[in-house]
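These numbers come from a predicted model, not from an experiment.
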Amino acid sequence: MTTPIQPGRLTAADLIKLKKFLVDSISRSLEGENLPNARRSDIVLERLKSVFEQTNLHLPEDIRKHVYQDVLDDLLGYGPIQALLDDDEVSEVMVNGPKKVYVEKKGHLTKTSVTFDDDDHVIRIIERIVLPLGRRIDADNATVDARLPDGSRVNAVVQPVAIDGPSITIRKFTKGKLSIDQLIGYGSLTRSMADFLHACVLARLNIVISGGTGSGKTTLLNVLSSFIPEDERIVTIEDAAELQLQQDHIVRLETKIADSDGRGERTVRDLVRNALRMRPDRIVVGEVRGGEALDMLQAMNTGHDGSLTTLHANTSRDAISRLETLVLMAGMELPLKVVRQQISAAVDLIVQQSRLRDGTRKITAITEVAGMEGETIVLSDIFKFNQTGVTPEGKVEGTLKATGIRPLFYPRIQSSGLKLGPEIFGATAADILAANRQRR
């Protein structure tokens, strides 16, 4: 057996050749072997020792360990970015071609020293991510959405769409499921807001979570869905399955791209329609971004109360406008007034999630969809974040509090056997005392 390098003349290019040689030779010996990763790791170590002995290649101990770890990551993990994925402080990994890898930590972007060998190395890692999911990426299908086994969201782009080399964007999910108490501890919402949202989910209100990219919509959707009772049947629909619902009775549906012959595609819209035949108590759509918005609204309007979904929008009012646009994308040519009537009848609550300039994520508004006034949808803020300033360190200051408005759907909450104290909606101790005196 010969290696592609000459002992004693080790360069950076030689190391790349050596690692590729080892990965190719060892991966062939592991093909078809259904072994746990621990056993595979042992085999890789044994194989490396064997290669070094047969080739009389003597490497310094530190370089040998470095080569071993790189080969192990390439064979059993996700190559050079595996260490970044293992770092709990990293919330996002961005590969902009083989030589530029960035991470997000605590809301700030940083360039790392991590590099890939070349474009082919990046593509091999992309294929390792997408192939187990039955997806493909090539010149004809140059973009793909996927997920890692832990639920982290992955988007990959290759040539000819990606001009400067293949790109990977991974939004990591935190290990372990976040609870509502943790979100309160982070300052994302207050206890009153949490109690209100808990009651809204139990009362089977239809809730839309809106927000910008990276604002924490999916995280909040996971938390709100944890309030759904265990005895209800939940059907989830996503482009790439990433929701981490905690209940037992769940059916998870995921979209499918067309085969090479153009058949077999299943879109979110197809899955929403199919979900209606599955006797769901709740339908949870990871994100509406097309004509499926119309099917979602119709489901909400035809007895499937308590549905949850997310969409991209910067404010509650923008969320309504985006819903209108998405419904029109269904191609039904409905009059705008009819679309707005559908939205106002279906959606009860919009929860606006935002990522502030200091990187923190907060619920900045909880807004009731209060019906129609003429041809305009009426919105009423129940809770709102009021920014008061920014500290010299760049931290955003402000308060989350109730507006004092009690929602029109409050009788529905009461009829579900739930009671919320007047202090939830911003009533002061003096207001409560005065109200009690009036009752007497």
Side-chain angles (χ1 to χ4, degrees), residues 107 171 183 186-190 192-194 196-197 200-201 205-221 223-224 285-290 292-294 296-297 300 307-329 336-337 339-390 395-409 425-426:
R171 182 170 301 159
L183 290 185
Y186 296 151
S188 297
L189 74 167
T190 65
S192 293
M193 295 165 71
F196 176 72
L197 290 173
C200 289
V201 173
L205 298 180
N206 293 320
I207 301 173
V208 172
I209 300 170
S210 69
T213 301
S215 60
K217 299 185 298 296
T218 304
T219 298
L220 182 60
L221 181 59
V223 171
L224 294 188
V285 180
E287 182 182 340
V288 288
R289 61 180 75 179
E292 67 271 7
L294 177 59
M296 182 73 188
L297 292 176
M300 291 175 172
S307 297
L308 299 164
T309 190
T310 73
L311 59 79
H312 277 80
N314 292 325
T315 66
S316 300
R317 177 58 65 182
D318 287 347
I320 295 295
S321 298
R322 180 154 170 77
L323 268 177
E324 293 172 3
T325 303
L326 296 179
V327 170
L328 294 174
M329 288 171 64
L336 187 56
K337 183 177 181 179
V339 173
R340 289 175 176 172
Q341 287 172 338
Q342 284 276 317
I343 293 172
S344 66
V347 180
D348 298 304
L349 200 66
I350 298 173
V351 182
Q352 183 65 38
Q353 180 82 12
S354 300
R355 178 176 172 174
L356 305 182
R357 59 184 295 179
D358 61 358
T360 59
R361 296 168 173 86
K362 289 184 185 295
I363 296 177
T364 51
I366 298 179
T367 305
E368 177 189 18
V369 180
M372 295 277 292
E373 193 172 283
E375 295 192 2
T376 303
I377 295 176
V378 178
L379 301 180
S380 240
D381 288 333
I382 310 302
F383 294 89
K384 197 167 181 62
F385 174 71
N386 295 309
Q387 183 174 332
T388 57
V390 180
K395 185 172 179 59
V396 174
E397 294 182 319
T399 56
L400 285 163
K401 60 182 181 180
T403 61
I405 298 173
R406 183 171 298 201
L408 298 177
F409 56 67
F425 303 106

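- Within the model, atoms CD of Gln387 and CD of Glu397 stand 9.0 Å from one another, a figure rounded to the nearest 0.5 Å.
- Expressed to the nearest 0.5 Å, how far CD1 of Ile320 lies from CG of Leu379 amounts to 5.0 Å.
- Between Ile209 and Leu308, every side-chain heavy-atom pair lies at or beyond the 4.5 Å cut-off.
- Side-chain atoms of Asn206 come within 3.5 Å of backbone atoms of Ser307 as a donor-acceptor pair (strictly under, hydrogens ignored).
- Considering only residues two or more places apart in sequence or on other chains, Arg289 meets the salt bridge (Lys or Arg N to Asp or Glu O under 4.0 Å) condition with Asp239, Glu287.
- Using a 4.5 Å heavy-atom cutoff, the side chains of Leu349 and Leu197 are in contact.
- Between the side chain of Ser354 and the main chain of Lys362, no donor-acceptor pair closer than 3.5 Å is present.
- Residues Met372 and Ile377 form a side-chain contact, since some pair of their non-hydrogen atoms from C-beta on lies under 4.5 Å apart.
- With rounding to the nearest 0.5 Å, the separation of CG in Asn314 from OG1 in Thr213 is 9.0 Å.
- Taking CG of Leu297 as the reference point, atom OG of Ser344 lies at 10.0 Å (rounded to 0.5 Å).
- Shown here for Ile363 and Leu400, the closest heavy-atom pair between the two residues is O-CD2, 3.0 Å.
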**Prompt:** For Val390 and Arg357, what are the C-alpha separation, side-chain angles and deciding distance, and is it a side-chain contact (heavy atoms from CB on, under 4.5 Å)?
**Reply:** CA-CA 9 Å; Val390 180; Arg357 59 184 295 179; 4.2 Å; yes
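- A donor-acceptor contact shorter than 3.5 Å is absent between the side chain of Lys217 and the backbone of His312.
- When atom types are taken as modelled, the side chain of Gln353 and the backbone of Gly211 share no donor-acceptor pair closer than 3.5 angstrom.
- The shortest non-hydrogen separation linking Cys200 to Phe409 is SG-CE1, 4.0 Å.
- Formation of a donor-acceptor pair under 3.5 Å by the Glu324 side chain with backbone atoms of Val339 is not found in this model.
- Of all heavy-atom pairs spanning Glu373 and Val378, the tightest one is CB-CG2, 3.5 Å.
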**Request:** Could you walk me through whether Asp381 and Ile405 pass the side-chain contact (heavy atoms from CB on, under 4.5 Å) test, one step at a time?
**Result:** CA-CA 7 Å; Asp381 288 333; Ile405 298 173; 5.9 Å; no
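- Taking the side chain as every heavy atom from C-beta outward, Gln352 and Thr367 never approach each other to under 4.5 Å.
- Not a single donor-acceptor pair under 3.5 Å links the side chain of Ser210 to the backbone N or O of Ser316.
- With Thr403 contributing its side chain and Ile382 its backbone, the two residues share a donor-acceptor pair below 3.5 Å.
- Checked by atom type and distance alone, the side chain of Thr360 never pairs as donor or acceptor with a backbone atom of Leu356 at under 3.5 Å.
- Here Asn386 contributes atom CG and Thr364 contributes atom OG1; the two are 10.5 Å apart, rounded to the nearest 0.5 Å.
- Taking CG from Leu220 and OG from Ser188, the interatomic distance works out to 8.5 Å, rounded to the nearest 0.5 Å.
- Without hydrogens or angle criteria, Thr309 side chain to Val285 main chain gives a donor-acceptor distance under 3.5 Å.
- Here the closest heavy-atom approach between residue Ala293 and residue Leu323 is recorded as CB-CD2, 4.3 Å.
- Panel note: side chain Arg340, backbone Glu375; a donor-acceptor pair is recorded below 3.5 Å.
- The aromatic rings of Phe383 and Phe196 lie tilted to each other, with the angle between the two planes from 30° to 60°.
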